[in-house]
Amino acid sequence: MCGIAGVVNWGQGVAEVRTVERLLSALEHRGPDSRGTISRGDAAIGAVRLSIVDVDGSNQPISYKDDDVHLVFNGEIYNHTQLRRDLVGAGHRFLTDGDGEVVLASYLHDAEHFAEQLDGMFAFAIWDARREILVVGRDRMGIKPLYVYASRDRLVFSSELRSLVADRHVPLDLNRDAIADYFTVRFSPTTCSPLSQVRKIEPGTTVTFDRRNTSGVVRASHRLAFPTFSGENEGPGSLDRVLREAVSTTLAPDAPPAAFLSGGLDSATVSALAAQQAGRIDAFSVGYTDGTWQDETRYAIEVAQHISARHGITHLTEANVQEAFLATLRSLDEPIYTPVCLSTYAVSGLAARDHKTVLAGDGSDELFLGYAHMHEAHQASLQGRPWRDEYWHALGWWAADDRRRVLDDDMLRRCAPDISQERFGFTDLAANGVDAAEAIRWFEVTAKLPEYHLPRVDRLSMAHGLEVRVPFLRDGVVDWALAQPARTLMVGRPKEALRTAARGLVPSGIVDRPKQKFSAPASRWLAGPLRDMTLDLLADKVGAEELGLDPAGLAQVAAEFHRDPSANSRTMWGIVTLLAWHLSFTDHARLVRSADTS
């Protein structure tokens with residue numbers, strides 16, 4: 001619902017409100033309805049707000065002047081009503097009805113452990129001026145983002161990297177390990193960013209910064225706990241019950257209900273439960289007019305008719321796909337390898353015409369082991385094959401021969417499977433007696449989900465001022481799924497537990513339909529509307545060496561693409577996405593810094 005940003009100049013007594021205003025200007029898409037800043041001592045913090053429901057006193061920052069503490073907050077606290085009651089019982093008097101103040105009051109009540117009580121999707125920053133400390137944190141699933149640059153005398157934070165670089169003090173040096181991670185598994189570890197001196201606050205952590213600890217100290221953790229089992233654990237209640245409760249609590253009160261509807265089981269289940277609980281809903285889908293197998297709109301139409309939803313469909317066509325590609329890259333903080341980024345951007349734009357919030361089905365495949373590559377790696381482990389490397393290879397997007405031909409020697413070394421697995425901590429996870437199914441699920445839920453899927457959804461929806469809520473990542477559903485040993489979820493068809501819960505809610509053809517990965521016709525786009533742009537990027541080679549791409553190898557793949565644009569489209573999509581992202585990001589940084597005349 002918001003974007004947040006701030007600057008702390010340790011020990012200088014100078015609050016840079018103008019810099020924070022520039023950071024907020026780069027976040028206006030996240031919060032077009034209002035903005036505010038406050039400065040105290042060394043710090044200035046601010047927020048832009050997307051007003052989903054107008055609650056008195058919800059504009060930010062929120063301050064308690066007597067205690068000299070100040071909050072900026074992004075997200076939703078679903079249990080704020082109960083927390084408010086508890087705090088009132090403990091003697092606290094509230095000034096507003098919003099959930100943001102509950103975060104601030106909880107901090108004052110228990111500064112060490114307050115974030116553990118917050119159930120929701122959030123990122124926050126609290127400037128405690130009397131103690132001269134900055135406390136920041138994120139939700140345990142990593143739904144809401146928070147980037148930090150911390151040097152000895154300066155700290156800058158923001159909801160988006162493209163905002164953070166509006167501060168000219170933030171170095172723009174690329175993190176070559178993060179680029180290697182893009183080349184190997186499409187995303188980076190939860191602490192890394194594409195810039196070597198910028199990090200992300202880890203999901204489920206609360207970090208305190210002060211003059212003595214300018215790099216920050218993790219004071220409390222509400223991270224997910226690795227599941228342990230005594231026998232065959234039962235989950236907390238039935239999946240059907242926790243799903244219904246999850247949808248009920250994520251539907252925005254007093255806002256018209258809406259959902260993304262791809263035609264698959266996950267979004268169909270969420271949409272059906274929303275329609276059952278809220279009455280008629282609006283559903284939004286994206287299709288492709290060239291009739292490829294990736295187009296699932298016929299299934300989405302079937303579900304929409306079944307639940308009597310008002311159904312809107314947008315299409316990516318040869319006429320608009322280049323514009324969507326460029327707009328998508330302008331909205332991303334980090335390069336993300338998946339053509340469905342364009343689809344997410346397009347369907348978000350459609351939904352944002354009449355809505356400020358929608359529900360989506362993200363998270364189900366990770367929790368319930370829905371992807372084919374998970375099952376294939378698990379089978380490899382049962383057959384005594386090197387499942388770890390097979391799984392790692394399945395996460396990637398190009399053949400080893402192409403990688404050796406196009407990358408320079410340093411980048412090739414960083415991309416070696418043993419080195420990249422070590423960077424992610426996957427080596428230790430897989431070596432500590434954890435069976436393959438459990439290791440795979442844990443990695444997908446705690447690494448791939450927050451750094452690959454959720455950033456795509458957050459940035460590309462918020463680019464249109466639209467907030468996406470994800471019922472599958474509510475605490476009850478996550479706890480239910482992780483209470484099931486992963487190996488039991490590998491038995492039979494993928495996501496059998498969810499199919500059982502969805503039966504009767506959605507058409508049986510959708511329930512029993514084999515998993516189809518949400519995808520897009522990238523090869524047709526490259527061969528058609530994106531062909532000339534791709535050739536220009538490959539010819540210009542802007543940033544190629546900085547990104548670890550060998551110019552001679554790049555010239556080879558460019559010649560092959562020129563001869564046959566439809567060949568080797570996976571490799572070409574990965575390369576052109578990275579080059580185009582880097583060009584867009586550096587141009588953006590140059591533009592926002594040119595406004596800095598201080």
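The structure presented is a predicted model; accordingly, all values stated were derived computationally and were not measured. The chain is numbered in sequence order, starting from 1.
Of the N and O atoms on the side chains of Thr19 and Arg22, at least one donor lies less than 3.5 Å from an acceptor on the other residue.
The aromatic ring centroids of Phe114 and His109 lie 6.0 Å or more from each other. For Trp10 and Phe209, the ring centers sit 6.0 Å or farther from each other. The aromatic ring centres of His169 and Tyr149 sit 6.0 Å or more apart.
Within the 3.5 Å criterion, the main-chain N or O of Arg40 finds a donor-acceptor partner in the side chain of Trp127. A donor-acceptor distance shorter than 3.5 angstrom exists from the side chain of Ser221 to the backbone of Arg223, with no hydrogens or angles considered. For Asp139 (side chain) and Ile143 (main-chain N/O), a donor-acceptor pair under 3.5 Å exists by modelled atom type. Counting only distance, with no hydrogens or angles, the side chain of Arg176 and the backbone of Glu546 share a donor-acceptor pair below 3.5 Å.
A salt bridge links Arg414 with Asp177; the closest basic N to acidic carboxylate O contact falls under 4.0 Å. Of the charged side-chain nitrogens involved, at least one lies within less than 4.0 Å of a carboxylate oxygen, so that Arg211 and Glu132 count as a salt-bridged pair. Between Asp475 and Arg140, at least one side-chain N (NZ, or NE/NH1/NH2) sits under 4.0 Å from a carboxylate O, which counts as a salt bridge. Salt bridge Glu21/Arg35: present, at least one basic N to carboxylate O contact under 4.0 Å. Electrostatic pairing of Arg131 and Asp210 does not count as a salt bridge here, judged by no charged N lying under 4.0 Å from a carboxylate O.
In this structure, Tyr147 has no ring-ring contact (aromatic ring centres under 6.0 Å, His included) partners at least two apart in sequence or on a different chain. Remark: Arg186 pairs with no residue by the salt bridge (charged side-chain N to carboxylate O under 4.0 Å, His left out) rule, at least two apart or across chains. Legend: residues meeting ring-ring contact (aromatic ring centres under 6.0 Å, His included) with Phe585, ordered by chain and number and at least two apart, are Trp581. With sequence neighbours excluded, no residue satisfies ring-ring contact (aromatic ring centres under 6.0 Å, His included) with Phe260. Evaluation of the ring-ring contact (aromatic ring centres under 6.0 Å, His included) rule for Phe183 yields Trp398 as partners, not counting sequence neighbours.
Between His464 and Tyr345, the ring-plane angle classifies as tilted under the 30° and 60° cut-offs. Using cut-offs of 30° and 60° for the angle between ring planes, the Phe368 and Trp480 rings count as tilted.
A salt bridge (charged side-chain N to carboxylate O under 4.0 Å, His left out) check over residues 332-349, counting only residues at least two apart or in different chains, returns the pairs Lys200-Glu334, Asp333-Arg459.
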CA sep, side-chain torsions, deciding dist, call: Tyr182, Trp397, ring-ring contact (aromatic ring centres under 6.0 Å, His included): CA-CA 9 Å; Tyr182 170 82; Trp397 50 267; 5.7 Å; yes
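The side-chain tip of Lys144 does not point at the ring of Phe73 from less than 6.0 angstrom away and within 45° of straight on.
Of the options Leu498, Leu243, Val470, a side-chain contact (heavy atoms from CB on, under 4.5 Å) to Val477 is made by Leu243 and by none of the others.
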